[in-house]
Visitor: 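So that we are looking at the same thing, I have put the structure below in structure tokens.
Only a predicted model underlies this, so the values are computations on that prediction, with no experimental measurement involved. Order of the sequence lines fixes the chain letters, A, B, ..., with proteins taken first and strands second; residue numbering starts at 1 for each chain.
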Number of protein chains: 4
Amino acid sequence: MEPVKPRRERPASRAKGERSTRERLLETSARLFLDQGYHATGVSTILAEAGVNAGSLYHFFPGKEELLTGVLEWYLDQLGPVVMAPAEARTRDPVGRVFALLDFYRAWIAGSDFGRGCPIGNLALELGTAYPAARALVERNFEAWTDAVAGWLEEARERFPRGTDPRALAVFVLTTMEGGVMLARARRSLEPFDAAVARLRDYFRLLERAAS
Amino acid sequence: MEPVKPRRERPASRAKGERSTRERLLETSARLFLDQGYHATGVSTILAEAGVNAGSLYHFFPGKEELLTGVLEWYLDQLGPVVMAPAEARTRDPVGRVFALLDFYRAWIAGSDFGRGCPIGNLALELGTAYPAARALVERNFEAWTDAVAGWLEEARERFPRGTDPRALAVFVLTTMEGGVMLARARRSLEPFDAAVARLRDYFRLLERAAS
Amino acid sequence: MEPVKPRRERPASRAKGERSTRERLLETSARLFLDQGYHATGVSTILAEAGVNAGSLYHFFPGKEELLTGVLEWYLDQLGPVVMAPAEARTRDPVGRVFALLDFYRAWIAGSDFGRGCPIGNLALELGTAYPAARALVERNFEAWTDAVAGWLEEARERFPRGTDPRALAVFVLTTMEGGVMLARARRSLEPFDAAVARLRDYFRLLERAAS
Amino acid sequence: MEPVKPRRERPASRAKGERSTRERLLETSARLFLDQGYHATGVSTILAEAGVNAGSLYHFFPGKEELLTGVLEWYLDQLGPVVMAPAEARTRDPVGRVFALLDFYRAWIAGSDFGRGCPIGNLALELGTAYPAARALVERNFEAWTDAVAGWLEEARERFPRGTDPRALAVFVLTTMEGGVMLARARRSLEPFDAAVARLRDYFRLLERAAS
DNA sequence: CATGAATGAGTATTCATTCAT
DNA sequence: AATGAATGAATACTCATTCAT
């Protein structure tokens, strides 16, 4: 029997905490795309901020567009552990989780002085239908988000009026979040986000009352 | 309150139907910014599609950024006559007007095979806080939109539970519209838009029932 | 009646002898492509040697490839006045003209210390079939060359054996010239060129003898 | 005369039919240089098509230029066995061998849909005098070619008029071949090649007649 | 010998803007 | 106002080569 190769993740020697070139490129791109948008971010800026030189980028990615899709894939991977898990950890109550999730986004926009919005929403609007591969990944991110929330609402099914569709409700939560984040960023204020979320909470309250 | 500047129609002699150079620049810019975004649209493309040459653009506008603010001012001018007026013409019922307005956006996105979103929302997300003049105009567009809808809801005040804030409700309508348009564009489908609007309609129904 | 516009060739003010930007680009490109080949010539070198800056090149030409086709068109224009006319001026004898033409190429390669070959032949071999537009122009240059020589030989028809095809003979003159120029450049010597031309001259002598 | 270096077949253990890394690099380079030219061929393309990685290339060759000279040496090695031998095998008649050789080139260009020319001629024109080492090898290839043909014609000496120089005649055969291949490639047709070869054959016929 | 990441100067081209006419 | 050439920094990307493992 052949001895199993130790299967190291690429490079043999990297100090603990250091990030590989590829990872640094993705993280830096993600941050810059979020701050400035895709088109406003020059490859040379990514290179400078990641401390990578031009040739290396193209060793790992065919071009800027694949950096974009790489970032969107990375967001998809992070959605569960980074976005949904904390909301699930906060409470067992399905509806509580929905508003914990919205709280996560509230903290996110507040924490950057309104400089950033929803990474997916930003790219969704900036790129439109012009980059099919990116659009497909945007769609998958939205799907995964909706699936997770719909899953929670499914559990709370009997608390809503008969015939209430948990998935449609999840979509409504998503539109509220995206619209709220957009307005908060434009107005540089949490007020519109809070107003929208409060109305959504009111809706859930009325739904639960109507069910009983 | 600022006095409205008496917008003069520039040159005296122009054949009926012809558009001035300035107007052609604004219209073309508006279309291209909507289709592709601000950064993805090159000045040379605007020039070519408007049939204007470089020197002329800079005669009318100091630079590309003023083209952007010009477009946003133009949207602000159009909001009343082009967006709100049709909804008001459709029905006298305030809540009916809200959903007529949402119908207007539904038709707008359907009519372009999902190629375009909300012009203001797109620019809001793409530009973030990087262009203060533009951001201020985005904000004024959102304000004017919210004001108009809040005005309608004010009229219907007694149909909602005591203490319901018409402006907060208007913000909620706006977040639903923006979120719905975003998802429709990303998914290339009216389904998420329709789902969100249906939930909003349900909320209004529950509100009206709760009021009585 | 409208007064006829003076139809100036582009720019109003240019000192006598000065060349337009477009002309400078074509001349510089022609020279560099001849010295180094198409691929070995960088756009930045053309720019520097022509004293033109990047933007201006792309104002006149869509790209490097159109610079190439521009050069080939320019050669086609020059073929009559610069290449054929001197040979025709030298003698009225058709066969004499053929060898006057070959003498022109002899002087051309000798005059550059073997640094340059036939501009068309060089590009023909370097580009092969990869650039269809350029290849078509190479072909037209060869056609025009062959036509001119065939025209001369036509006049001398009765000096050759019955059935001798003047065009095939012209092609043979061209292959001899191109092959001779190639060998002269590779060997850095006129010897192979002279040897080939001497054999060709011998062939013509034998043809004329065989006719009588 | 230089002693021939005893070219060792490098490593002892290689499965029959497998090619060494070095051989794969040379073959791939030869093919790509022929198809696209030297400058248009990127080292990374050679690497990819040969299935070799960057470090290995530079283990065998100091740089791209030595790949070029390696290819030209390889052509020189092949000239006898691959190019001349078949013509010699076809017939014992010296003049017959000349036209058998030209037939070999005819088949060569026809067999590639005019995509390739004479490997040596292509490089001769593309590189000019810029790469001394390569130019010297181009020259040696042409010399060897001419020597071989001159050797045949030497044997047929008494069939030509007294004083006919076999070497000059061999050069003429070479210019006809190179010119013919060039025109065939440019015109994407065998017609000019055939026309030139037919004239050359006619010349040989007249020479032989004049001798008797 | 092989691997593949790293290097950074170089490529062709586009950008928004300015200028002289 | 209009024209279109000029400007030159910036764009995304490729090049041949080197290096550590």
Visitor: Residues in salt bridge (charged side-chain N to carboxylate O under 4.0 Å, His left out) with C:E73, at least two apart?
Guide: none

Visitor: Under 3.5 Å for both distances, Watson-Crick or G-U wobble, that's the pair rule; now give the dot-bracket for DNA chain F, with | marking pairs to another strand and [ ] for crossing ones.
Guide: .||||||||||||||||||||

Visitor: Can you name the ring pair (Phe, Tyr, Trp, His ring centres under 6.0 Å) partners of D:F33, sequence neighbours left out?
Guide: D:Y38

Visitor: I'd like a table of donor-acceptor pairs (distance under 3.5 Å, sequence neighbours excluded) in which one partner is a side-chain atom from residues 44-51 of chain A, with atom names and distances.
Guide:
| residue | atom | partner | partner atom | Å |
| --- | --- | --- | --- | --- |
| A:E49 | OE1 | A:R31 | NH1 | 2.9 |
| A:E49 | OE1 | A:R31 | NH2 | 3.0 |

Visitor: Does anything in residues 122-132 of chain A form a side-chain hydrogen bond (donor to acceptor under 3.5 Å, both in side chains)? List the pairs, not counting sequence neighbours.
Guide: A:H39-A:E126, A:H39-A:Y131

Visitor: Run the side-chain hydrogen bond (donor to acceptor under 3.5 Å, both in side chains) test against B:T41 and tell me which residues pass, sequence neighbours left out.
Guide: B:Q36

Visitor: For nucleotides 8-13 of chain F, give me one character per nucleotide, 5' to 3': B if any protein heavy atom sits under 4.0 Å from the base, S if the only such contacts are to the sugar-phosphate, - if neither.
Guide: BB-SSB

Visitor: Without decimals, in angstroms, what is the distance between B:L25 CG and E:dA16 P?
Guide: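 The answer, rounded to whole Å, is 14 Å.
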
Visitor: Partners of D:Y75 by ring pair (Phe, Tyr, Trp, His ring centres under 6.0 Å), sequence neighbours excluded?
Guide: none

Visitor: Which parts of residues 26-37 of chain B get close to DNA chain F, meaning a heavy atom less than 4.0 angstrom away?
Guide: none

Visitor: Can you tell me how far P of E:dA16 sits from CD of B:E66, to the nearest Å?
Guide: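 Rounding to the nearest Å, CD of B:E66 and P of E:dA16 are 14 Å apart.
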
Visitor: Taking only residues at least two apart or on different chains, which pairs with a member in residues 55-68 of chain D satisfy side-chain hydrogen bond (donor to acceptor under 3.5 Å, both in side chains)?
Guide: D:N53-D:S56

Visitor: Rounded to whole angstrom units, what separation is found between the CD1 atom of C:I46 and the C1' atom of E:dT11?
Guide: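 Computing the C:I46:CD1 to E:dT11:C1' distance gives 12 Å.
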
Visitor: Could you state the atom-to-atom distance from CZ of A:F61 to P of F:dT14 in whole Å?
Guide: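 A:F61 atom CZ is separated from F:dT14 atom P by 15 Å.
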
Visitor: What are the two closest heavy atoms between C:S29 and C:V71, and how far apart are they?
Guide: CB-CG2, 3.8 Å

Visitor: Which heavy atom of C:L26 sits nearest a heavy atom of C:G70, and at what distance?
Guide: CD2-C, 3.7 Å

Visitor: Calculate the interatomic distance between B:L68 atom CG and E:dA16 atom P; express it in whole Å.
Guide: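 Rounding to the nearest Å, CG of B:L68 and P of E:dA16 are 13 Å apart.
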
Visitor: Salt bridge (charged side-chain N to carboxylate O under 4.0 Å, His left out) with A:R135: which residues, sequence neighbours excluded?
Guide: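 Applying salt bridge (charged side-chain N to carboxylate O under 4.0 Å, His left out) to A:R135 gives A:E139.
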
Visitor: Measure across D:L68 and D:A134 and return the closest heavy-atom pair with its distance rounded to 0.1 Å.
Guide: CD2-CB, 3.7 Å

Visitor: Here's a test of your reading of the structure: between B:H59 and D:A40, which maps to the more 5' nucleotide of DNA chain F?
Guide: B:H59

Visitor: Just how far, in rounded Å, is C1' of E:dA2 from CG of D:L57?
Guide: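 Rounding to the nearest Å, CG of D:L57 and C1' of E:dA2 are 13 Å apart.
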
